[in-house]
Amino acid sequence: MATAGPPHYASWVPPTGHSAPSTAGVDEVRTIFVLGFPPDVKERELQNLLRWWPGYEASQMNFKGDQPMGFALFTSAAAAMAAKDALQNLVFDLETSSTLRAEMAKKNLYVKRGVTGMGTETPPFDQSKRLRTAGDYTSQYAPPGGFAPAPASWVPQSYIPPAGSFDPYAGYCMPPLQPVAQPLVTSVAPVAPAGYVPMQNTKDNPPCNTLFVGNLGESTNEAELRGIFSGQPGFRQMKVLRQGRSTVCFIEFADVNSAIAVHNNLQGAIVMSSDRGGMRLQYSKNPFGRKKEFMNNHQENGAPGVPTRDTNT
DNA sequence: AGCACA
């Protein structure tokens with residue numbers, strides 16, 4: 001074992017949306033400096049780790065010898081510090097047990113015009129949009145899917161290209177994330193997970209209003225889960241189930257779209273208290289709110305096998 | 001690789 005354990009779970013303080021966001025301190029340092037990556041880390045990994053973070057603008061991986069140094073620029077110093085705290089002591093790679101150290105940088109990352117860390121040969125299309133959108137995150141951690149350039153085939157959770165090009169959603173054609181229904185819980189800003197781990201989700205069920213969370217270790221802390229989910233738009237309720245060595249969890253949302261958004265956005269999100277890194281999100285087999293159908297199908301107070309004639313539909 | 005509760 002020897003898990004020195006991911007120490008402080010940085011409870012994420014939302015970058016204050018009301019106090020003059022971007023225009024405030026123009027010469028403030030809003031760049032973080034991250035050490036502790038395994039030598040074979042790719043710049044892209046840093047980008048993918050941070051690209052959903054509120055206020056993220058650009059990042060870059062430099063190599064001093066074989067010691068990678070990451071830099072990431074945010075829209076504000078507050079956003080940068082929040083990200084810094086979240087990355088602090090993050091176990092980046094379980095195999096090499098490399099733990100990240102993050103600090104505020106000495107000076108801001110210089111971003112060449114048109115390069116935001118999304119790749120060097122950046123397509124011209126949404127650079128400006130990307131930057132503009134970033135500011136919007138200050139009020140609420142909106143679903144990343146919202147600005148994903150998303151051709152219909154873009155499946156957010158497949159960080160790893162599916163080997164057999166198997167797409168469980170082929171038949172469902174993800175609705176393009178229309179603005180999620182007004183959150184029932186508006187006040188709570190979601191606690192952003194400390195990071196993401198690529199997660200393959202080979203078997204899934206049709207989208208519904210309830211998510212099933214798997215790949216959670218027995219040590220998983222319910223409060224942490226609640227912190228992550230309860231602030232998500234459309235969140236209704238959550239139930240944690242201990243199953244011996246592992247833990248599972250159900251989350252109900254007000255509507256399917258909210259569930260879809262979370263299913264995509266939080267796929268592989270790192271659960272600190274779990275000993276398995278990222279969580280796996282699937283749609284539940286038995287969603288909430290289907291009691292009637294369930295009961296009807298089971299004829300619980302009638303003759304068990306009697307077929308129901310669909311007299312009224 | 002684990003799906004409860006109504």
Side-chain angles (χ1 to χ4, degrees), chain A residues 1 3 91 93-95 155-172 174 181 184-185 193 195-230 232 234-304 306 308 312:
Chain A
M1 296 300 160
T3 57
V91 176
D93 185 343
L94 281 176
E95 291 173 17
V155 183
Q157 73 268 28
S158 56
Y159 292 85
I160 300 171
S165 75
F166 166 68
D167 181 4
Y169 312 113
Y172 299 114
M174 296 282 205
L184 304 181
V185 199
Y196 296 84
V197 145
M199 181 60 60
Q200 37 198 339
N201 192 6
T202 47
K203 295 273 184 291
D204 207 336
N205 305 297
C208 63
N209 76 335
T210 306
L211 294 183
F212 171 85
V213 189
N215 199 38
L216 298 171
E218 55 185 335
S219 60
T220 304
N221 174 266
E222 170 159 353
E224 188 190 356
L225 286 179
R226 194 165 291 277
I228 293 173
F229 289 114
S230 65
Q232 297 294 331
F235 172 89
R236 272 232 239 264
Q237 57 171 313
M238 203 190 91
K239 175 168 290 228
V240 173
L241 228 75
R242 305 280 174 181
Q243 296 183 329
R245 209 137 267 289
S246 63
T247 302
V248 295
C249 172
F250 296 89
I251 308 143
E252 185 199 14
F253 292 88
D255 55 84
V256 184
N257 280 327
S258 302
I260 292 175
V262 171
H263 177 279
N264 297 339
N265 300 341
L266 291 182
Q267 191 64 265
I270 288 173
V271 182
M272 293 289 212
S273 55
S274 164
D275 50 6
R276 300 191 197 174
M279 62 171 93
R280 166 172 14 265
L281 289 174
Q282 298 175 301
Y283 299 106
S284 174
K285 290 174 190 163
N286 300 302
F288 277 98
R290 291 209 188 148
K291 183 182 174 186
K292 256 176 209 159
E293 300 146 47
F294 184 85
M295 296 301 246
N296 286 342
N297 293 341
H298 282 71
Q299 294 289 326
E300 52 119 29
N301 51 3
V306 178
T308 327
N312 43 2

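The shown structure was predicted, so the numbers you read here are calculated from the model rather than taken from an experiment. Labels below follow one simple rule: chain letters A, B, ... track the order of the sequence lines, proteins then strands, and each chain is numbered from 1.
Among the nucleotides dC5(B), dA1(B), dC3(B), the one closest to any side-chain atom of F250(A) is dC3(B). Checked against dA4(B), dC3(B), dG2(B), the side chain of R280(A) finds its nearest nucleotide in dG2(B).
Using a 4.5 Å heavy-atom threshold, the side chains of F229(A) and Q237(A) count as separate. Side-chain atoms of R280(A) and V213(A), non-hydrogen and from C-beta on, never get closer than 4.5 Å to each other. Side chains of I260(A) and Y283(A) form a contact here, defined as non-hydrogen atoms less than 4.5 Å apart.
Between the side chain of R242(A) and the base of dG2(B), no donor-acceptor pair under 3.5 Å is found. Between the side chain of S284(A) and the base of dA4(B) there is at least one donor-acceptor pair of N/O atoms closer than 3.5 Å.
Summarising the geometry, the separation between CG on L225(A) and P on dG2(B) is reported as 20 Å, rounded to the nearest angstrom. One atom, NZ of K285(A), and another, P of dC3(B), lie 5 Å apart when rounded to the nearest Å. The distance between atom CG of N209(A) and atom P of dA6(B), rounded to the nearest whole Å, is 17 Å. Between K239(A) atom NZ and dG2(B) atom C1' the separation is 17 Å, expressed in whole Å. Protein atom CZ of R290(A) is 13 Å distant from nucleotide atom C1' of dC3(B), rounded to whole Å. If you take CE of M199(A) and P of dA1(B), they are 13 Å apart, rounded to a whole angstrom. The CZ atom of F288(A) sits 15 Å away from the P atom of dC3(B) (whole-angstrom rounding). Across the protein-nucleic acid pair, E252(A) atom CD and dA6(B) atom C1' stand 11 Å apart, rounded to whole Å.
Contact annotation for R245(A): no contact, since no heavy-atom pair falls under 4.0 Å across all strands. Counting non-hydrogen atoms under 4.0 angstrom, T247(A) reaches nothing in the nucleic acid.
Counted by atom type alone, E224(A) and S273(A) present one or more donor-acceptor pairs between their side chains at under 3.5 Å. Side-chain N/O atoms of Q282(A) and N205(A) include no donor and acceptor closer than 3.5 Å.
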